[in-house]
A.B. asks: 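One structure, pasted below without further comment.
Small disclaimer: the values here were computed from a predicted structure and weren't measured. In what follows, chains are A, B, ... by sequence order, proteins preceding strands, each numbered from 1.
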Amino acid sequence: MSSNEEAQIAQRRANLDAIVALGFRAYPNRFATTHTVSALATAHGESDAAALEASRVETVTAGRVISIRHFGKAAFLVLSDGRSRIQVYVRQDSLPDRDYQLYRLLDFGDQVGVAGHLFRTKTHELSIWAARLEFLAKCFIPLPEKWHGLHDVEIRYRQRYLDLIVNPDVRRVFEIRSRAVTAIRDFLTSHDFLEVETPMMQPIAGGALARPFVTHHNALDMTLFLRIAPELYLKRLTVGGIERVFEINRNFRNEGISTQHNPEFTMLEFYWAYQDYQVLMRFTEELLSFVARAAVGAEQVPFGEHLIDLQAPYRRLSLRHAAAEEASTRLGVPVLVEELRSLDSARAIAARLGIDVPDAAGPGRVATAIFETLWEDQLIQPTFIYDFPTEVSPLSKQREDDPDTVERFELYIGGFEVANAFSELNDPAEQRRRFESQIAERAKGDAEAHAMDEDYIRALEYGMPPAGGEGIGIDRLVMILSNSPSIRDVILFPLMRPRD
RNA sequence: GGGCCGCUAGCUCAGUGGUAGAGCACCUGCCUUUUAAGCAGAGGGUCGCAGGUUCGAUCCCUGCGCGGCCCA
């Protein structure tokens with residue numbers, strides 16, 4: 001007993017055999033077109049019937065057949081080039097017999113070439129009056145239904161090509177992504193930043209607090225880590241005199257998967273000598289409004305229930321002040337900023353709020369946990385959270401007036417972190433102390449604590465200029481710009497478990 | 001790692017302790033301006049996988065797999 005799908009595949013193979021028997025090649029090497037479907041739709045989408053008749057536009061184009069409506073000895077095909085669609089009118093008395101026989105053997109999903117002239121049907125649909133058909137490739141496997149499309153997210157992610165064929169909005173998301181990345185490059189290069197590429201495989205996984213993926217180089221017999229951040233390499237370049245530098249590339253973090261986390265994700269990092277985090281806040285506002293205009297044509301973008309406004313200025317909240325203020329509201333008693341700076345009182349406040357913190361956490365980690373738990377969900381409109389505890393920021397420079405606090409901010413949009421930036425720590429002695437403190441954290445069980453990097457300290461010993469640096473999560477930014485609720489909607493091939 | 005939910009035809013989904021349904025798609029026939037074309041007819045199923053309970057399980061129970069959402 002053969003299944004329905006097997007029968008459909010057999011039918012389609014038989015159709016291909018018949019097409020070959022007509023003299024067509026099964027897999028021709030090329031097809032010379034004069035226009036893409038999108039070009040035709042753009043150029044003539046507004047032309048009326050009389051104008052098309054007067055100009056008699058002849059065209060040769062190609063695409064995938066995504067609909068066939070038969071009418072006896074005529075038919076309407078819909079051809080897609082992945083972006084736009086155009087109707088093709090096929091009739092027996094307008095085609096060579098061989099081409100008409102070909103049309104009768106076409107299946108939903110086949111790749112075809114068409115030559116003919118443009119016209120409008122009675123119902124004003126822009127169409128090609130086919131004078132010639134060429135066969136380009138067979139679709140053997142039945143495609144998902146035209147009306148309901150493909151909803152099963154598992155198949156959409158595993159077989160993204162199917163998703164792209166049948167769900168036109170998916171293409172739109174990745175066009176936004178492409179325009180956003182291009183806009184970031186344009187913005188930074190126009191501000192004299194140099195784009196570079198630094199190692200993806202690193203002997204020490206530094207520049208962030210995260211667990212790395214581990215691999216091995218056979219010839220050198222050495223352990224290598226897929227990078228969790230490019231930070232330490234980019235800052236070495238500022239030592240080398242590249243005063244404005246950026247990289248857009250993949251990071252890898254060996255952590256859980258969620259609507260906001262994919263094990264590999266794309267990050268922009270840039271470093272700007274002689275600037276500090278205050279300058280970067282203003283620069284970020286400029287950058288993001290520029291990117292929004294370029295990617296979606298507006299600074300206001302819908303995101304779920306919200307309309308997010310990426311126009312400057314963004315709200316600014318000091319981390320400890322915001323945490324203390326919200327804790328006061330929740331607990332109904334005053335909570336002072338100073339209480340978040342001492343371990344005992346900070347732990348007591350966290351406990352009263354029902355927030356669990358690791359045993360090894362110092363007051364900085366506790367204050368940060370309180371802040372994230374109380375505030376993260378409400379930070380829908382762009383908000384800079386600034387002045388982080390030094391304890392959680394091993395690569396950031398301290399405030400001149402407060403060694404427990406670093407000049408650092410995170411930008412939240414849509415309820416999650418999109419950017420992280422700081423005035424860069426360039427004092428090699430202080431950097432060594434921070435690394436040593438991280439190693440102590442690791443000894444206490446923090447698997448994400450930063451490792452020692454002697455070569456990085458040596459680079460600082462040559463003198464790194466004061467600088468501001470920032471990382472922006474491209475995937476998360478694109479989620480906001482494209483109104484996508486999951487990071488998997490903005491990554492073409494998100495990581496999935498093997499199915500078999 | 002924990003909790004909840006899902007997995008039925010190629011796709012989108014109903015459904016029931018008594019051997020399974022719709023729409024679209026596919027096949028046959030009719031149709032030379034349709035657009036979710038129309039009309040008539042036919043076919044298509046390991047109900048995620050494996051056990052258990054039962055006279056009988058797609059349905060109830062247990063485990064596993066894959067996915068989704070939430071939490072850590």
A.B. asks: Say you pick atom P in B:C49 and the same atom in B:A9; how far apart are they, in whole Å?
C.D. replies: 11 Å

A.B. asks: Would you measure the distance from the P atom in B:G67 across to the matching atom in B:C27 and give it in whole Å?
C.D. replies: 34 Å

A.B. asks: Would you please confirm or rule out a distance under 4.0 Å between OP1 or OP2 of B:C13 and any side-chain N or O of A:His151?
C.D. replies: yes

A.B. asks: Tell me if the side-chain of A:Gln87 makes a donor-acceptor pair with the base of B:U34, cut-off 3.5 Å, by modelled atom types.
C.D. replies: yes

A.B. asks: Answer yes or no: is there a donor N or O on one side and an acceptor on the other, between the side chain of A:Ser342 and the main chain of A:Glu338, under 3.5 Å?
C.D. replies: no

A.B. asks: Name the stems that RNA chain B belongs to, where each is three or more consecutive Watson-Crick or G-U pairs with both distances under 3.5 Å?
C.D. replies: B:1-7 with B:65-71, B:10-13 with B:21-24, B:27-30 with B:38-41, B:48-52 with B:60-64

A.B. asks: Could you check how far CG of A:Asp489 sits from P of B:G68, rounded to whole Å?
C.D. replies: 10 Å

A.B. asks: Where along nucleotides 23-33 of chain B does protein come under 4.0 Å, by heavy atom, of base (B) or sugar-phosphate alone (S), with - for untouched nucleotides?
C.D. replies: BBBSS---BBB

A.B. asks: Do NZ/NE/NH1/NH2 and the carboxylate oxygens of A:Lys138 and A:Asp107 come within less than 4.0 Å?
C.D. replies: yes

A.B. asks: Between B:U54 and B:G18, how far is it from one C1' atom to the other, in whole Å?
C.D. replies: 12 Å

A.B. asks: Salt-bridge test for A:Arg320 and A:Asp404: reply yes if a basic N is under 4.0 Å from a carboxylate O, no otherwise.
C.D. replies: no

A.B. asks: More 5' along RNA chain B: A:Ile155 or A:Gly256, using each one's nearest nucleotide?
C.D. replies: A:Ile155

A.B. asks: May I have the distance from A:His124 (atom NE2) to B:U34 (atom C1'), rounded to whole angstrom?
C.D. replies: 13 Å

A.B. asks: Can you tell me how far P of B:G67 sits from CG of A:Leu150, to the nearest Å?
C.D. replies: 16 Å

A.B. asks: Between A:Asp163 and A:Gln159, does any side-chain donor sit less than 3.5 Å from a side-chain acceptor?
C.D. replies: no

A.B. asks: From CD of A:Glu448 over to C1' of B:A72, roughly how many Å is that when rounded to an integer?
C.D. replies: 13 Å

A.B. asks: Determine the Euclidean distance between corresponding C1' atoms of B:G44 and B:A50; express it in Å to zero decimal places.
C.D. replies: 27 Å

A.B. asks: Using the P atom in both, what is the distance from B:A14 to B:C26, to the nearest Å?
C.D. replies: 24 Å

A.B. asks: Taking atom P in both B:U53 and B:U62, what distance in whole Å separates the two?
C.D. replies: 15 Å

A.B. asks: Which side-chain N or O atoms in residues 409-416 of chain A pair as donor and acceptor under 3.5 Å with protein atoms at least two apart or in another chain?
C.D. replies:
unit_1   : atom_1 : unit_2   : atom_2 : d
A:Glu410 : OE1    : A:Tyr412 : OH     : 3.0
A:Glu410 : OE2    : A:Arg408 : NH2    : 3.0

A.B. asks: Just the rounded figure in Å: distance from P of B:A36 to CG of A:Leu77.
C.D. replies: 16 Å

A.B. asks: Looking at every strand, decide which applies to A:Ser94 at a 4.0 Å heavy-atom threshold: base, sugar-phosphate, or nothing.
C.D. replies: nothing

A.B. asks: Measure up the A:Phe119 and A:Tyr89 rings against each other and bin them: parallel (under 30°), tilted (30 to 60°), perpendicular (over 60°).
C.D. replies: tilted

A.B. asks: Suppose you measure atom C1' in B:U12 against the same atom in B:G6; what distance do you get, rounded to whole Å?
C.D. replies: 15 Å

A.B. asks: Check nucleotides 64-66 of chain B against the protein and report each pair of N or O atoms closer than 3.5 Å, with its distance, or say if there are none.
C.D. replies:
unit_1 : atom_1 : unit_2   : atom_2 : d
B:C66  : O3'    : A:Arg158 : NH2    : 2.9
B:C66  : O2'    : A:Glu154 : OE1    : 3.4
B:C66  : O2'    : A:Glu154 : OE2    : 2.2
B:C66  : O2'    : A:Arg158 : NH2    : 3.2

A.B. asks: Can you tell me how far P in B:C47 sits from the matching atom in B:A25, rounded to whole Å?
C.D. replies: 26 Å

A.B. asks: What's the OH-P distance between A:Tyr161 and B:C11, to the nearest Å?
C.D. replies: 12 Å

A.B. asks: By the rule that syn is within 90° of 0, classify the base conformation of B:U34 as syn or anti.
C.D. replies: anti

A.B. asks: List, one per line, each side-chain donor-acceptor pair under 3.5 Å for residues 70-82 of chain A, sequence neighbours excluded.
C.D. replies:
unit_1  : atom_1 : unit_2   : atom_2 : d
A:His70 : ND1    : A:Tyr103 : OH     : 2.7
A:Ser80 : OG     : A:Gly82  : N      : 2.9
A:Asp81 : OD1    : A:Ser38  : OG     : 3.1
A:Asp81 : OD1    : A:Arg83  : N      : 3.0
A:Asp81 : OD1    : A:Ser84  : N      : 2.8
A:Asp81 : OD2    : A:Ser38  : N      : 2.8
A:Asp81 : OD2    : A:Ser38  : OG     : 2.7

A.B. asks: Please state how far atom CD in A:Glu6 lies from atom C1' in B:A9, giving the value in whole angstrom units.
C.D. replies: 13 Å

A.B. asks: Donor-acceptor check, side chain of A:Ser345 to backbone of A:Arg341, threshold 3.5 angstrom: yes or no?
C.D. replies: no

A.B. asks: With a 3.5 Å distance limit and no angle check, can you tell me whether A:Arg160 reaches the backbone of A:Leu492 through a side-chain donor-acceptor pair?
C.D. replies: yes

A.B. asks: Could you tell me if A:Tyr314 and A:Asp309 have a donor-acceptor pair between their side chains, going purely by distance under 3.5 Å?
C.D. replies: no

A.B. asks: Base, sugar-phosphate alone, or nothing: which one does A:Gly149 contact when heavy atoms must sit under 4.0 Å apart?
C.D. replies: sugar-phosphate

A.B. asks: Between P on B:G48 and CG on A:Asp152, what's the gap in Å once rounded to a whole number?
C.D. replies: 13 Å

A.B. asks: Would you say A:Asn15 and A:Arg104 make side-chain contact, with heavy atoms under 4.5 Å?
C.D. replies: no

A.B. asks: Do A:Val173 and A:Asp489 have side-chain heavy atoms sitting under 4.5 Å apart?
C.D. replies: no

A.B. asks: Quick one: side chain to side chain contact (heavy atoms under 4.5 Å, CB included) partners of A:Ala208, sequence neighbours excluded?
C.D. replies: A:Ile228, A:Ala229, A:Arg253

